[in-house]
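As structure tokens, the structure follows; a few thoughts come after it.
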Amino acid sequence: MILDLDIGNTLSKWRLKDAESSEIRSRGAVWTREEWRPGADIPDLDVVEAVRISSVARTAVLEETVALLRRQVRHVYVARSTSEALGVVNGYEEPGRLGVDRWMGALAGYQLAGGCCAVDCGSAITIDFVLPGGMHLGGFIIPGLRLMKESLKLGTRNVAIDPESEADALLEPGRRTVDAVNHGIYMAAVSAINRIYSEVCDQQGVTLPVLLTGGDARVVSRGVQVPHAVWPDMVYGGLEACYPLTFAERAGKMSGAPRVPEPVSLEKIRAGLAFSMLL
Ligand SMILES: Nc1ncnc2c1ncn2[C@@H]1O[C@H](COP(=O)(O)OP(=O)(O)OP(=O)(O)O)[C@@H](O)[C@H]1O
Ligand SMILES: CC(C)(CO)[C@@H](O)C(=O)NCCC(=O)O
Ligand SMILES: [K+]
């Protein structure tokens, strides 16, 4: 079995993948913490022959995790942000400073779609751009939905946006605090994504397929106006592409990859931008 780990600031996600069949056998998430208990927090390591890790947690957490894993697992691969990989050139002035989850998302998106706009809706919302030739432009970081809510301290932190809510309902003015906050932060997130996407496409003169991932991807998806696909395993896709281990991975297949959305025309994006400037 292959254990894939995506250690975020809040949640650490894991999945077990069958090295023979490439099937995902199980998955889970635990709060990111200092110490792991294999068998309880993450799967029993007896069945694991390789681990692939993307981590944006503090270095100490990663070091502890790697030390623990190395005692029991033969192959431990830790992803790093590099200046170039798989045909993508990292746009950061200091490439190593780009969050490795963003780098994995950008690589997966590029491998799937060529140029892309990779959006990760987690503790932070990150929006990264890769042009069709593989040039990563850099990106944007805004607080995620939960962080925005917690920063307000209005006693609404425990009332999450119902992930089943329709976008229309979330865009109405709230008539109690919890709705005013939830609708406000939702609007802030989706309008930022829509606007940023349009601005960068306009600047660069290209249209790019949009790929969404992260804990809030599904609800954010309902408010994103441009064609896009939700790819919950996008960060794992980057790990698969960087460290291909199974037959399917060596053939370039990433688990759970969606159909590539067909972007709208540049004219339409520019018309939308011009219209929003008039308002
Ligand atoms: N069971 C859950 N526990 C915590 N957050 C959840 C849960 N389900 C969905 N969420 C939402 O997912 C978001 C966290 O997403 P994700 O798991 O992608 O975070 P993360 O990977 O820790 O973030 P980052 O990588 O940006 O640090 C939260 O903002 C929250 O709104
Ligand atoms: C922005 C987050 C927190 C998103 O998970 C992560 O990618 C990170 O810690 N990045 C480092 C800073 C940067 O990407 O510029
Ligand atoms: K993440």
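By convention here, the first residue in the shown sequence is residue 1. Keep in mind that what you see is a predicted model, and the values were worked out from it rather than measured. Counting convention: from 1, in listed order, for ligands and their atoms alike.
- In summary, the side chains of Arg102 and Tyr92 do present a donor paired with an acceptor at a separation below 3.5 Å, with no hydrogens or angles considered.
- Distance CG/Asn194 to CD/Gln225: 4.0 Å, rounded to 0.5 Å.
- Atoms of ligand 2 found under 4.0 Å from any heavy atom of Asp101, numbered from 1 in the order shown, are 4 (C), 5 (O), 6 (C), 7 (O).
- Backbone and side-chain nitrogen or oxygen atoms of Arg102 are examined, and one is located within less than 3.5 angstrom of a nitrogen or oxygen of ligand 2.
- In terms of N/O distances under 3.5 Å, ligand 2 is approached by Tyr92.
- Counting atoms of ligand 2 from 1 in the listed order, those under 4.0 Å from a heavy atom of Arg97 are 11 (C), 12 (C), 13 (C), 14 (O), 15 (O).
- Look at Glu249 and Lys17 and you find a salt bridge, because one of the NZ, NE, NH1 or NH2 atoms lies within 4.0 Å of a carboxylate O, short of that distance.
- Heavy atoms of Val100 found under 4.0 angstrom from ligand 2: none, in either backbone or side chain.
- Interface atoms of ligand 2 facing Asn9, defined by a heavy-atom separation under 4.0 Å, are 3 (C).
- Not one N or O of Ile141 is nearer than 3.5 Å to an N or O of ligand 2, by distance alone.
- Scanning both residues, Cys116 and Ala106, for their nearest heavy atoms gives SG-O, 4.3 Å.
- Distances below 4.0 Å separate heavy atoms of Leu98 from the following atoms of ligand 2: 14 (O).
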Discussion item. Is there a side-chain contact (heavy atoms from CB on, under 4.5 Å) between Asp6 and Met104? Walk through the geometry before answering.
Written reply: CA-CA 10 Å; Asp6 171 9; Met104 291 299 107; over 6 Å; no
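- Between Arg27 and Asp233 there is a salt bridge, since at least one side-chain N of the basic residue sits less than 4.0 Å from a carboxylate O of the acidic one.
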